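A short write-up of the structure that comes next.
Computed from a prediction, not measured in an experiment: that's the story for all the values here. Note: hydrogens, waters and symmetry copies are ignored here, and every other heavy atom, side chains too, is used.
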Amino acid sequence: MSTDDQFTLVSAEQRPDLIPAFAELAAPVWPAFMDGDRAIIECWDRLFDAGLSRFQFVVLRTGPRGAEQVVASSNSIPFAWAQPEDDASLSDDGWDAVLSAGVEAFVAGRPVNTLSALSIVVAPELRGSDLAERLLRNMKARATKDGLQALVAPVRPTRKPSYPLTSFADYLGWTTDSGAPFDPWVRKHWQLGARIVKVAPRSMTVAAPLSQWTDWTGLRFPVSGRFHLPGGLAPLVVDCSAGTGLYEEPNVWMRHPLEP
């Protein structure tokens with residue numbers, strides 16, 4: 001546990017009573033259709049099992065009368081990376097692959113050598129503060145303390161949904177006047193020393209009936225084709241004859257340096 005005058009950083013292992021707060025904080029942030037991601041359905045809850053819960057953190061803000069409020073959270077998972085000397089060997093399936101691989105290694109009791117970030121969420125009123133940076137630094141410290149070789153992150157660029165007509169690769173190439181990455185979340189990782197490794201073209205995959213997509217988005221799909229989704233980083237591919245929609249979201253792999 002770490003603390004300053006206003007905020008306390010605590011793991012789910014230390015405070016299992018706070019586990020419901022992870023979902024409560026994230027619900028307004030993530031698009032509703034992400035709940036249909038296969039890896040989330042099969043693996044997400046395992047992050048809070050004994051042995052993995054020490055990698056899940058929340059930031060608490062304590063009010064003047066001692067009331068606690070969860071204002072930020074982070075999730076990460078250790079996994080076995082077969083070729084940590086080869087950045088390009090990170091999976092094209094990105095977020096889904098690393099969550100599944102980490103849970104499989106944990107269940108089987110296999111050794112791991114790398115920590116992957118999964119999510120950082122900050123309450124709206126504190127965005128622009130240093131809480132996301134603190135949580136990333138905490139991941140780096142956790143990886144170092146556990147003797148892991150690397151910290152990687154399948155990063156979801158936060159501003160990409162505002163530019164739906166721009167390809168993912170072109171968007172990643174945009175920079176500010178100072179030469180920093182244009183996207184604020186990619187830029188935050190970059191400012192902490194992370195480097196862009198490669199695109200994970202199928203980092204998150206959601207396949208569902210069109211009726212479910214309508215429930216998630218409020219959209220209707222009268223013809224087959226590609227449809228822009230609010231909050232999406234890629235189009236939804238609709239097949240009306242099959243009655244299904246497929247969303248494959250790209251992320252960008254980034255690798256953080258660890259302290260020796």
Side-chain angles (χ1 to χ4, degrees), residues 1-4 6-11 22 25-26 29-30 47 54-61 71-79 81 84-91 94-95 98-99 102 112-160 168 171-200 203 233 250-260:
M1 180 184 296
S2 62
T3 185
D4 63 14
Q6 186 178 13
F7 299 109
T8 301
L9 183 63
V10 60
S11 72
F22 284 84
L25 190 67
V29 175
W30 288 83
L47 294 177
R54 63 193 179 93
F55 296 97
Q56 323 311 322
F57 284 83
V58 296
V59 176
L60 293 174
R61 178 168 60 185
V71 294
S73 66
S74 69
N75 300 99
S76 62
I77 191 165
F79 72 104
W81 186 5
E85 71 286 349
D86 179 12
D87 290 347
S89 67
L90 286 165
S91 175
W95 197 95
V98 77
L99 175 58
V112 294
N113 60 2
T114 304
L115 187 66
S116 178
L118 293 172
S119 173
I120 290 180
V121 178
V122 178
E125 68 271 19
L126 288 171
R127 288 174 196 162
S129 68
D130 68 345
L131 291 183
E133 180 177 342
R134 291 191 199 189
L135 288 165
L136 278 169
R137 291 189 183 280
N138 182 61
M139 285 186 192
K140 295 173 74 169
R142 179 80 266 177
T144 299
K145 183 177 181 180
D146 279 35
L148 301 176
Q149 297 181 37
L151 171 64
V152 297
V155 177
R156 186 178 200 266
T158 54
R159 200 165 289 173
K160 176 64 177 74
F168 191 77
Y171 178 80
L172 286 180
W174 291 358
T175 59
T176 65
D177 291 342
S178 66
F182 172 81
D183 186 83
W185 191 220
V186 174
R187 186 166 63 246
K188 176 63 69 177
H189 284 265
W190 179 83
Q191 288 169 338
L192 292 177
R195 66 178 185 275
I196 292 176
V197 171
K198 59 180 282 190
V199 170
S203 194
L233 273 61
N251 289 169
V252 56
W253 277 115
M254 301 186 73
R255 181 170 183 167
H256 283 265
L258 295 182
E259 300 297 330

With the side chain counted from C-beta on, respond yes when [X] and [Y] share a heavy-atom pair under 4.5 Å apart, and no when they do not.
X	Y	result
Leu115	Phe79	no
Met139	Leu192	no
Leu47	Phe55	no
Leu135	Leu9	yes
Leu126	Phe7	yes
Gln56	Ser73	no

Separation of [Y] [atom2] from [X] [atom1] (nearest 0.5 Å):
X	Y	atom1	atom2	answer
Glu85	Gln149	CD	CD	8.5 Å
Ser203	Leu233	OG	CG	9.5 Å
Asn75	Phe22	CG	CZ	5.5 Å
Ser178	Arg187	OG	CZ	7.5 Å
Leu25	Trp30	CG	CH2	12.0 Å
Asp86	Trp81	CG	CH2	7.5 Å

- Query: Ion pair present between Asp183 and Lys160, side-chain N to carboxylate O less than 4.0 angstrom?
  - Reply: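 Looking at Asp183 and Lys160, the cut-off is not met.
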- Please determine if Asp130 and Arg137 form a salt bridge, counting it only when a charged side-chain N lies under 4.0 Å from a carboxylate O.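 Looking at Arg137 together with Asp130, the answer is no, because their closest N to O distance does not fall below 4.0 Å.
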- Should the pair Phe182 and Tyr171 be assigned to parallel (<30°), tilted (30 to 60°) or perpendicular (>60°) ring geometry?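 Ring orientation of Phe182 relative to Tyr171: perpendicular.
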- Query: Would you say the side chains of Ser91 and Trp253 form a donor-acceptor pair under 3.5 Å?
  - Reply: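 Not at all, the side chains of Ser91 and Trp253 share no donor-acceptor pair under 3.5 Å.
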